[in-house]
Every structure is written in structure tokens, then in C-alpha cells.
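Labels below follow one simple rule: chain letters A, B, ... track the order of the sequence lines, proteins then strands, and each chain is numbered from 1. Remember, predicted model here, so these are calculated numbers, not experimental data.
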There are 2 protein chains.
Amino acid sequence: MSERQTSDPTAALRLLWGEHPEPRRGPRRGLDLGRIVAAAVELADEEGERGLSMRGVASRLGIGTASLYTYVPSRTELTALMLDAIVAEAPLPEDLPGTWRERIEAWARRDWAMFRARPWALRLTERPLLGPNLLAWYESALRALSENGLSPVENASVIESVDAYVQGVARLTADQEENRAGGDEPWDARHRAYIARRVDFSAYPLWAEAAVGDALGGPADHFESGLRMLLDGVEADVRRRSERRD
Amino acid sequence: MSERQTSDPTAALRLLWGEHPEPRRGPRRGLDLGRIVAAAVELADEEGERGLSMRGVASRLGIGTASLYTYVPSRTELTALMLDAIVAEAPLPEDLPGTWRERIEAWARRDWAMFRARPWALRLTERPLLGPNLLAWYESALRALSENGLSPVENASVIESVDAYVQGVARLTADQEENRAGGDEPWDARHRAYIARRVDFSAYPLWAEAAVGDALGGPADHFESGLRMLLDGVEADVRRRSERRD
DNA sequence: TAGAAACATCGAACAGCGTTCGGAGTACTT
DNA sequence: AAGTACTCCGAACGCTGTTCGATGTTTCTA
């Protein structure tokens, strides 16, 4: 471990924004950043966050581990590049027809889909390094909301709430799903079995009732219902503010 | 690294629920689980999640690292015990007077305060091992909502949405704050400086507008406004369902 | 009471991690 | 042709969680 305590984001930002000072001497580089980031994403897709390592990325590229560090100052920068890369993969719902609510819903669902497809990305968001694609992603959310009458500053707050909700649900379901996966007798089944055997249900009557019939709707339904509630609240807020302005 | 792939939660659950088979032979134990968990929590409070290590906990207790493993099968179980322990520290808002909405708000704020005080706890929630305190915490949320007319199954969905939101915002602000901290010239300032120098603001007009006046309200205000919107939506949902039932 | 069994403790080691160092080779500049 | 700046990378450092085996301690059994 001991990921270096990078107190300077400049190196990462330079890579994100494509500042590569062409070297004047020495042999040609065998690779470029794009290939490296692509390999890292592939590795994370296959092995998950646990399997993502500098050694793994290097060996997948057929180079020595130390060579990676001639392209990227540290793991922090690599993960930032990975995040900015996968954010760019799906098209942004910028100019969709419809209401601002439909557009921000599409924006939220896009993120939800990304985190569902790549749960490992949830662990890569710790250092919010603003790359060009992340910035475009953010701008697209502001544009989606732009006709609701709120100021960009107010809408930034809305976006952060929606983002927090999306990432929160994505994390909860990812953790849950990881526990359901696994060998012949899965983790989750054993967990339930122990609880059922050991816990006095009458001490937790409401939980007992909720736990019995928990088979209604998968994570997708759940995500949608929470998103609907959150955006209902946003809509009410928008109405309230516009009335106050009249 | 390489936290063991515990495919069996039984050991952790046994510890959480207080099943300690008294040993019949051998020397007395020098410590008990409570002391160990308390030391681990102290260490995490002081050093953060990065500084939490089995070696660190052991040396804080004045024992060898290997001895820790006679009390706890692995790090996974220790973190589960830590989470269950800190969840129990603040009183649950079970029988507060007021509406269901006021009660669930208090419940959400309690969590928010916990994650603000102990950001490291956000990284310990990966394996949702149900201990007695976590179960009581969940039951208290169901009880808070119990008078809203929804079934426990429906309310479980509401709770998960609120929980996801709380953890999501807590994580975003924790990450943000960690970046603002640090030496003389903080990370965040350098980040802004680079972006301001390098990025063409006219390509991201709304973001530019939002980024200028971002000094209105700290994370607490932001948390409250999002929570209010989410619960406005829940309230609307409750009304809708109760109308449908009439 | 002696011996065996079961336990606690822990130094040392293992495998894996991110990262750094120093040397070898390569291509461009002067 | 010499020098320089670069790429590449095996080996190592310090860290992590975890395991092994030896040693000591207590208690139960014969």
C-alpha cells in the first residue's frame, strides 16, 4: 500500500489535459497513455478493484512494472485518467428533447449504468481530479437543468445531491451484489441463516416484517423509485422558488 | 493487502452477537474484544483509514501483531465490530415526538453526524454484517417511519434511499475536505489554479458561472437542502399511495 | 501428583502492494 | 565522435494482511 501522499495535483492535471512535452532525446516510447489507460480499465473490468495493480497493468502491456512509472507518476494519476476515460464512453444526454427533469433523469441513469457496469469506478472517485471529460459531464448536467429557472450555483447543489444519491445507491447495491456472488454456498445465504437462527425476531418486529417479503423489485426498481422521490422534491423546490420570485 | 476472501460471515457474526465459547484450558486472555475494538476506533480517529492497520492496533494495545489474530479471525471481522460499535455510540431517535418526517430527519442527521465525525467509517461499510447495534439502528428507522401509512417493506426502500443519500453526501464532502487539508499550499488551491490557467472557460459557460460563486453554504447546508428535497419527495409519495388506498 | 492436552503469545516469515534506485541500452544533439 | 537525455527494468525498500511454529501457561485427566 502506502499510495504516495500526492500533495500536488498538477502532474495528474497535466496528463488529463494532454500536456505531453515531446522529448527531444532518447529512444522512442513503446506505448502511449491511451493504451495504458485502456489496459488498466480492461484489467479492472476483469479482476475488479482488488485485482487492479501496477504490476498487473504493466504485465498486461508486456512491460516491466517500473516502466509504467515513466508514463505516469503514480497510481493516483492512473486512476484519475481511468475515471476520466470511462466517463467519456457513453454519450452525454445534453440536447435531449423534453423537460429539464427528463434530461437530468437521463443524466442520472447514465451514471447509474456506468457504476453498475464498472463497480470498481466507485472506489476511484476519492480524488476528484477534474479532467476534460468529467468537466463536460458536469457541464452537461448544468445544461440539462438550465431551463428550470434556478441559477447555475443553485443547480450545482442539485447536481451534487443527485450525484451523491446515485453513487450511494450504486455503492450499496455493489456491495450487496458482491456478497451474493461467490462459490457454491454464497456469503449472503450463510449470513441470513445465522441471523435467522440467532436473532430474536420479536425484538425487531418491523425489521422482521420487512425482511420476510424483500423480494419485490431488484436494485434497478429501487434506484428508480428513490430517484423519482428525490426529483419530485427538486421539482417542488423549483416551483417554490419561482413562485417566490413572482 | 490481500484481505482474505472470507466467504463465510459466520465467524464475524458470532463475534458481533457475543458468542464467545469460554475456553477451558490454557492461560487467561490478557484482553477482551471491547478493548481491542476501542483501540482500533481510537487509532482510526487519530490516523484515519490509511493509518488503521493490524500492526498499529496491536502495538497500541501493547501486544504482538500475531496475538490480535487470537481474538479476531481477520481484519474484516475487526472492522465489522468497529462499525457496530460506533453505531451504538449516539442514542437512537426512536421515540421522539413529532411527525414521521421529523423522526426520519433526526435519524438521517444522526448518521450524517457520525460520518462527519468519523469519515473512515465510510470505507468500512463494504461488508454489511448485521450486528445487534446495526439491527437496532435499522429497526429505529422503520419505527420512525411507521406512522406514515406505508408497509415496512415499502419503508425499507425509503430507508435505503435515505441511507444512500446520506452516505453519498458524506463521502463526497469527506473526499473534498481531505483535499482541502494538507500543508502550506493545499491540494485544492493548486487544483483550482491549474484549471483556471489551462481550461477554456467559454467552452463550459454554466460551469464557469457556478464555479465563481461557490462560497454559499458549507457542506451542512448542502446536506440539509438535499435531505429536504428527498423527503419532500417521500412525503409526496406517501400522500399519493394513501390517496390510492382510499 | 505427574503428564497430557489445550490454550495464549508472538518473532519471523510469506506474498502482495506502491514505489524508488541504479545500471544498461538507445537515439538524438552538438 | 562525444555527450546527453531519454527509455527500460531487475532488484530492492517499506508497507500491508496473514500464517507458521516455537515457547510458555494453565487446567483437566489419569
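Not a single salt bridge (Lys or Arg N to Asp or Glu O under 4.0 Å) links A/Asp32 to another residue, sequence neighbours left out. Residues that satisfy the side chain to side chain contact (heavy atoms under 4.5 Å, CB included) test with B/Ser157, not counting sequence neighbours, are A/His222, A/Ser225. For B/Ser53, the side chain to side chain contact (heavy atoms under 4.5 Å, CB included) criterion is met by B/Arg55, not counting sequence neighbours. Scored by the side chain to side chain contact (heavy atoms under 4.5 Å, CB included) test, A/Met114 finds A/Ile86, A/Val87 as partners (sequence neighbours excluded). Residues satisfying the salt bridge (Lys or Arg N to Asp or Glu O under 4.0 Å) criterion with A/Glu126, sequence neighbours excluded, are B/Arg123. Scanning for salt bridge (Lys or Arg N to Asp or Glu O under 4.0 Å) contacts around B/Arg14 gives an empty result, with sequence neighbours left out. By the side chain to side chain contact (heavy atoms under 4.5 Å, CB included) test, B/Ala106 is found to be paired with B/Pro93, B/Leu96, residues two or more places apart in sequence or in another chain being considered. With sequence neighbours excluded, no residue satisfies salt bridge (Lys or Arg N to Asp or Glu O under 4.0 Å) with A/Asp163.
Separating the CD atom of B/Glu77 from the C1' atom of D/dT18 is a distance of 12 Å, rounded to the nearest angstrom. If you take OH of A/Tyr69 and P of D/dA11, they are 18 Å apart, rounded to a whole angstrom. In this structure, the CG atom of A/Leu68 is 14 Å from the C1' atom of C/dT20, given to the nearest Å. The distance from atom CG of B/Leu33 to atom P of C/dA8 is 12 Å, rounded to the nearest whole Å. When rounded to the nearest whole Å, the span between CZ of B/Arg127 and P of D/dG17 equals 17 Å. One interatomic measurement links the two molecules: CZ of A/Arg75 to C1' of C/dG16, which rounds to 13 Å at whole-angstrom precision. Summarising the geometry, the separation between CD on A/Glu47 and C1' on C/dG16 is reported as 14 Å, rounded to the nearest angstrom. Rounded to whole angstrom, the span from the CD atom of B/Glu49 across to the C1' atom of D/dG17 amounts to 14 Å.
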Is there any protein nitrogen or oxygen under 3.5 Å from a nitrogen or oxygen in nucleotides 23-30 of chain C, and what are the pairs?
| unit_1 | atom_1 | unit_2 | atom_2 | d |
| --- | --- | --- | --- | --- |
| C/dC28 | OP1 | A/Arg28 | NH2 | 3.1 |
| C/dC28 | O3' | A/Arg24 | O | 3.2 |
| C/dT29 | O4' | A/Arg25 | NH1 | 3.0 |

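Across all strands, B/Leu52 comes closer than 4.0 Å only to sugar-phosphate atoms, never to a base (heavy-atom distances). Contact annotation for B/Ser53: backbone-only contact, meaning every heavy-atom pair under 4.0 Å involves sugar-phosphate atoms and none involves a base.
Residue whose closest nucleotide on DNA chain C sits further toward the 5' end, between B/Arg29 and B/Arg55: B/Arg29.
Of the N and O atoms on the side chains of A/Thr125 and B/Arg171, not one donor lies less than 3.5 Å from an acceptor on the other residue.
At C/dA8, none of the side-chain N or O atoms of B/Ser67 fall inside 4.0 Å of OP1 or OP2 (strictly under the cut-off). A close approach under 4.0 Å does not occur between any side-chain nitrogen or oxygen of B/Ser74 and OP1 or OP2 of D/dG17. Proximity of A/Tyr71 to the phosphate of D/dC8: a side-chain N or O atom is located under 4.0 Å from OP1 or OP2. For B/Thr70 and C/dA8, the shortest distance from a side-chain N or O to OP1 or OP2 is not below 4.0 Å.
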Just list the side-chain donor-acceptor pairs under 3.5 Å for residues 36-46 of chain B, sequence neighbours left out, or say none.
| unit_1 | atom_1 | unit_2 | atom_2 | d |
| --- | --- | --- | --- | --- |
| B/Glu42 | OE1 | B/Arg60 | NH1 | 2.8 |
| B/Asp45 | OD1 | B/Arg118 | NH1 | 3.0 |
| B/Asp45 | OD1 | B/Trp120 | NE1 | 3.0 |
| B/Asp45 | OD2 | B/Arg118 | NH1 | 2.5 |
| B/Glu46 | OE1 | B/Arg60 | NH2 | 2.6 |
| B/Glu46 | OE2 | B/Arg60 | NH2 | 3.2 |

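Residue-environment remark: CZ (A/Arg35) stays at or below the threshold of 12 foreign heavy atoms within 6.0 Å.
Near DNA chain D, meaning a heavy atom under 4.0 Å away, the residues from residues 57-66 of chain B are B/Thr65, B/Ala66.
Across the helix from C/dT1-D/dA30 to C/dT30-D/dA1, the helix axis at one end is tilted relative to the axis at the other end by 20° (nearest 10 degrees, each axis from five pairs).
Between B/Trp207 and B/Phe201, the two ring planes are tilted [angle within 30° to 60°].
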